[in-house]
Amino acid sequence: MALVLPPLVCLVAAAILFASTSGTAAPPAPGQAAAPAPATSGPAVPDSGDALLSDAYVLAHPENSPERVLMTWWQDMQFNDPALAYRNLSRRLRARIGAAEFAELASGAADGLRGIPRVVSVMRRTPATARVRLALRRPRMGPSIGRTIVMVRDPDGWRVDDLRYLQEVAAAAGAATQP
Amino acid sequence: MTAPGAHGAGAGIRGLAAASAGAAPWRAGAAAAGAGCLLGAWAASDPDLAAALMSVAVALAAAWLLAEGLCLRRGASATALLGTGVGFLVAIPALLVAADPGLIDLPGTSLQASLALYAVGLFSIVAGVRLGSALPVRREPPLGGAVAVPPLSLRRKLLLAAVPAGAFVAFLASVGGPAFYFRNLDSTGALTAGKTYLIWGVLAGKYLVLARIGLRWQAGEGATRAQKALLVLSLLAVGAVGARLLVMIAVLQAGFLWLVLRPPSALAWKRLLPAALVLLVVFVGLGELRRWQSLNTGTSFPAYLAETGIERFPATFVNQYADAIRLGMIVRSVVPEQAGYEYGKDLVRVVLQPIPGGIRPELSRAPALQAAFFGYADTGNALPLPVVGLIQLGLAGIVVLCGLLGLMSSLIDRLLHPRLRLDVLLALVGAATGTVILFRGSLPNAVAFTLMDVIGFFAAARAVGARRSASRG
């Protein structure tokens with residue numbers, strides 16, 4: 001006992017301190033996790049000259065993560081497969097937009113989806129939603145732009161719940177082709 | 001206090017060890033200082049003063065652990081390794097953050113709560129070490145007479161070399177080829193997930209070369225040039241398969257084996273200190289390279305290093321390289337208020353860990369815990385042992401897990417002896433460095449990697465003739 005006594009004295013003092021300290025400096029806002037998710041970044045863009053997502057790049061994102069589903073969805077769009085991409089939309093969006101209408105939107109936005117999006121961070125305020133921040137550098141289009149895509153966790157996994165970027169590029173493409 | 005006739009850094013350390021071993025008063029003094037700091041922090045109304053006192057107590061616990069280790073075999077002990085690791089991973093960041101709390105930007109969390117967590121953890125380790133020093137152990141009988149290095153046939157050498165070489169090729173093929181892999185070093189965590197057995201195969205190169213070198217050291221000879229070159233090659237291969245921690249552990253194992261087996265000399269420290277500096281530069285340099293890749297800034301690496309990397313180094317250090325304090329702040333804000341204790345679920349994960357990742361059943365986590373630590377990448381959040389202890393069983397979990405780590409470290413030191421048969425000795429070296437891995441890695445991964453090292457070293461030493469060398473001796 002005498003051997004262990006000196007560190008035990010400190011251990012008891014540390015335990016008292018541990019019990020008296022609170023983990024949160026201020027109460028969290030209702031419905032919001034107190035600890036923000038750590039800032040993260042996804043795999044580096046494989047090659048600045050590439051315009052299309054490769055399978056290896058998509059698979060480099062963690063399995064069952066919102067960013068993996070987003071990259072899969074993005075790749076489906078790049079390879080002109082709106083039917084498959086439609087399946088990765090959230091239930092909420094699929095209730096609002098039909099497959100044909102989505103295919104039309106995807107066709108109009110095709111040019112804006114070229115290039116390799118890079119995940120800058122993933123913010124998960126609640127277990128069921130994630131905001132994936134992307135740096136987008138389209139070929140021959142100068143510096144990267146930043147966009148945030150909202151993902152939701154449906155019963156069948158993470159799904160895209162945000163068509164703002166698609167609508168943005170489709171609108172820009174439409175304006176460019178106006179006489 | 002310096003031993004008579006001694007000089008230089010090595011002599012200073014030996015002197016400190018001799019002073020530490022001599023009597024208990026220094027322990028009573030350390031206990032008084034530690035408890036004084038902690039109770040002072042408890043009574044302090046100024047949070048900055050409380051944090052400063054607590055960081056001093058944490059640093060004192062790490063120094064105490066190191067001093068306990070230095071008492072044994074000129075510092076060639078598992079406890080000294082653990083003390084050094086804890087100093088680098090917890091004590092230095094604690095002092096840095098206490099001096100500038102703005103280095104970690106986590107609103108809504110508490111630095112003091114994290115420091116209290118580590119104070120409990122580190123003093124539990126020290127208590128475990130002291131307890132272990134009193135327990136009876138049965139040592140393997142030491143070798144008698146001179147140890148001879150048995151020759152290896154060319155066929156056997158080629159056969160043994162095929163294991164790490166084959167594993168390395170298979171590993172690169174499984175991660176999309178060398179070009180893709182080396183351009184994505186910032187994502188090695190995701191890319192190497194589920195490839196532990198291939199990594200073990202690559203690690204076999206390290207085991208085999210160190211075992212062969214160990215035989216020569218035990219016989220009183222130096223390593224040959226070819227062995228040194230192979231050691232460097234095996235370290236490069238280990239570095240290529242991912243985590244910098246694996247390279248650091250490999251270098252630590254080589255240095256530790258050297259300290260255990262080679263005759264005492266002040267020259268040792270003259271070699272080890274520059275090696276430690278090189279290690280630090282490699283660790284930080286590789287980390288910054290990965291960071292530069294992930295940020296995709298558009299500037300060259302040297303420009304990034306000069307303009308951003310060096311200036312932001314203290315913040316990068318406490319948030320990325322040695323993020324134990326940061327992780328402590330997060331866990332205390334989540335457990336137990338938002339996520340309840342897991343009551344030993346991690347122990348079940350330890351048991352399941354040998355099953356390959358693709359088919360291993362995943363045990364669920366509380367959503368708040370998942371969001372805080374595993375939201376982005378399940379592979380990227382190695383949790384220190386005190387954090388794991390808190391998640392499992394609160395204060396009791398920290399005390400039990402950290403106390404067991406201290407006990408393990410102490411028992412390894414009591415079993416370790418330079419005249420042990422090399423297969424047993426190398427297994428103990430693997431376990432000794434494993435104490436650092438167990439402290440810093442998430443429990444299931446850390447137990448797996450420690451066992452891989454212990455088994456790998458034991459098998460490699462037998463494969464290169466440890467038993468024949470012992471029987472000849």
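Numbers restart at 1 for each chain; the letters A, B, ... are given by sequence-line order, proteins then strands.
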_Looking at every non-hydrogen atom in both residues, tell me the closest pair between A/Cys10 and B/Ala30 and how far apart they are._
SG-O, 4.3 Å
*Among B/Gly34, B/Ala28, B/Ser124, single out the residue with the greatest number of heavy-atom pairs under 4.5 Å to chain A.*
B/Ser124
*From OG1 (A/Thr21) to CG (B/Leu117), nearest 0.5 Å*: 8.5 Å
*asked:* Check this for me: A/Arg96, atom CZ, are more than 12 non-hydrogen atoms of other residues, nucleotides or ligands nearer than 6.0 Å?
replied: no
_Enclosure of A/Arg159 CZ (heavy-atom neighbours >12, cutoff 6.0 Å)_ = yes
_Looking at A/Trp73, I'd like to know if its CH2 atom is crowded, meaning that more than 12 non-hydrogen atoms belonging to other residues, nucleotides or ligands lie closer than 6.0 Å._
yes
_Using every non-hydrogen atom in the two residues, find where A/Pro6 and B/Ala31 come nearest and quote the distance to one decimal._
O-CB, 3.3 Å
*Would you say the side chain of B/Val399 lies within less than 4.5 Å of the side chain of A/Phe18, judging by non-hydrogen atoms?*
no
_Just checking A/Glu104: does its CD atom have more than 12 heavy atoms from other residues, nucleotides or ligands closer to it than 6.0 angstrom?_
no
*Which region of B/Leu390, side chain (C-beta onward) or backbone (N, CA, C, O), has a non-hydrogen atom less than 4.5 Å from a non-hydrogen atom of chain A, or is it both or neither?*
side chain
*By a 4.5 Å heavy-atom criterion (distance strictly below it), what part of B/Ile398 contacts chain A: side chain, backbone, both, or neither?*
side chain
*Do other residues, nucleotides or ligands put more than 12 heavy atoms under 6.0 Å from A/Arg87 CZ?*
no
*Output the option from B/Met54, B/Gln112, B/Arg130 having the highest count of non-hydrogen pairs under 4.5 Å with chain A.*
B/Arg130
*Specify which of B/Leu60, B/Val129, B/Val126 makes the most heavy-atom pairs with chain A at under 4.5 Å.*
B/Val126
*Heavy atoms only: give me the nearest B/Leu395-A/Ala15 pair and the separation to one decimal.*
CD2-CB, 4.0 Å
